[in-house]
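Values reported hereafter were calculated over all heavy atoms of this structure, with side chains retained and with hydrogens, waters and symmetry mates removed.
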Amino acid sequence: MLGTGEFPLHGDSDDTQRSSMDRYNFLLQFVLASQAVKTPASQLLSKINSLEEEKKELQEQLETLEARCDSLVQEVAEFRQTTQRAADLEQSYSEISDQNDKLKEYVNSLVDRDSCKHCDSNYRNNGRTYNEVSYTQKQRKLKVLKSNSERALWFLESFGFKLDKLFLSDCQTGEKVTLQYNNEKKSAYQFLFEEDKDKVRNVVYIMDKFCVSDAAYHEFSMTNNDGLPRSYLIKQCRQDLNKVYSISRTPGEWPGAQLSFKDELNHRLSKQMEKLGDKMLNTQRVKISGDGAKMSRITNFVVLSFSLLSEGEKVMSTKGIHTVAILNGKEDYGVLQTAGKNLFKEIN
């Protein structure tokens with residue numbers, strides 16, 4: 001065998017030498033070809049790898065686009081359904097609107113046909129409004145309104161109701177008006193609104209403060225009808241105020257007035273409880289006082305009162321003295337024993 005790179009120099013024939021040269025040249029060309037092909041193969045392998053990665057990325061993009069396409073197709077289908085539903089609703093609304101118009105016409109025809117035969121056809125006020133007329137014309141308008149409203153509400157009895165009162169309010173001035181329909185004789189003062197009651201109470205306070213008689217106020221209210229409450233409201237208000245306190249005449253021949261000591265004491269204790277709460281003392285000490293005052297040469301008054309010692313400094317002032325009886329007589333034991341026997345009995 002020939003070693004690598006060894007050639008026969010002598011001792012061989014020409015054919016043997018030629019055959020050996022051919023084999024050597026073949027091997028040399030094979031080696032050179034292998035070396036020449038080695039470098040392009042690595043480049044091709046690198047390019048193939050990069051193409052594989054690019055193919056993978058394109059595949060992922062394709063899958064994303066397909067998913068997006070499916071989503072868009074679904075959204076288009078939902079949009080078409082919504083559009084169709086909106087068209088159906090619009091058509092239904094149009095049909096219902098037409099039916100509603102027909103029903104309105106039918107109801108109006110029934111109202112015209114079955115309207116109350118004994119009622120007036122028109123209750124509209126053709127003149128000036130309530131706040132534009134004088135007091136006398138207001139009363140006339142209220143009478144007309146009361147009669148018309150009673151006839152217009154004729155159907156209440158079919159429901160088992162009876163018209164009792166109708167409360168009205170002026171649109172511009174806000175004045176409250178109450179129309180009374182029952183025939184029972186009730187105090188008109190108790191049906192007034194709270195604002196009107198405050199106005200009447202203020203008038204009563206001014207009359208008492210300046211000693212204005214009911215007769216004088218009546219004459220004055222008749223000359224000024226638009227602003228002052230009626231005189232009968234003043235009397236009813238005074239009666240309601242008198243009901244707040246139980247005032248009675250003192251016994252005996254001496255004129256005087258007295259309150260209930262028990263009620264007054266409970267009233268003052270409840271006021272103190274609201275103010276102090278849990279800080280209020282469980283035991284209360286009450287001071288009973290009687291004082292005489294000479295108002296003129298022949299007129300004497302005796303004032304009986306009580307004070308709560310727990311009120312502190314108020315006991316020494318008029319705010320802490322609570323009057324329960326006033327007697328027009330002299331300060332005498334016999335007079336007090338007779339005139340204040342009911343009060344002393346209640347105290348004991």
Check residues 94-105 and write down every donor-acceptor pair under 3.5 Å in which the side-chain atom is one partner and the other belongs to a residue at least two apart or another chain.
none

Check your understanding: Given the rule in the side chain to side chain contact (heavy atoms under 4.5 Å, CB included) test, do His267 and His322 qualify, once you have shown the distances and angles that lead to the verdict?
Key -> CA-CA 11 Å; His267 177 69; His322 312 292; over 6 Å; no
Review point. Where do Gln84 and Asp88 land on the side chain to side chain donor-acceptor pair (under 3.5 Å) test, with the steps shown first?
Key: CA-CA 6 Å; Gln84 183 64 31; Asp88 296 340; 3.3 Å; yes
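- The environment of Lys197 atom NZ is dense: over 12 non-hydrogen atoms of other residues, nucleotides or ligands sit within 6.0 angstrom.
- Asp198 and Arg201 are joined by a salt bridge, as a carboxylate oxygen and a charged side-chain nitrogen come within less than 4.0 angstrom of each other.
- A continuous path of Ile, Leu, Val, Met, Phe, Trp and Tyr side chains, each step under 4.5 Å between heavy atoms, connects Tyr130 with Leu166, placing both in one hydrophobic cluster.
- With no hydrogens or angles considered, no side-chain donor-acceptor pair links Gln258 and Thr250 at under 3.5 Å.
- Inspection of the Gln236 and Asp240 side chains reveals no N or O donor paired with an N or O acceptor under 3.5 Å.
- In this structure the side chain of Thr323 never reaches within 4.5 angstrom of the side chain of Phe306, judged on heavy atoms.
- If you check the side chains of Glu175 and Ser169, you find no donor sitting under 3.5 Å from an acceptor.
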**Study point:** Stepwise side chain to side chain contact (heavy atoms under 4.5 Å, CB included) test for Leu336 and Lys341
**Key:** CA-CA 8 Å; Leu336 293 178; Lys341 63 178 181 179; over 6 Å; no
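- Note on Phe161: it clusters hydrophobically with Leu153, by side-chain heavy-atom contacts below 4.5 Å among ILVMFWY residues.
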Review point. Going through the distances and angles, do Val212 and Phe220 end up as a side chain to side chain contact (heavy atoms under 4.5 Å, CB included)?
Key: CA-CA 11 Å; Val212 179; Phe220 184 73; over 6 Å; no
Point to revise | salt bridge (charged side-chain N to carboxylate O under 4.0 Å, His left out) between Lys176 and Asp170, worked out | key: CA-CA 7 Å; Lys176 309 296 183 181; Asp170 191 273; over 6 Å; no
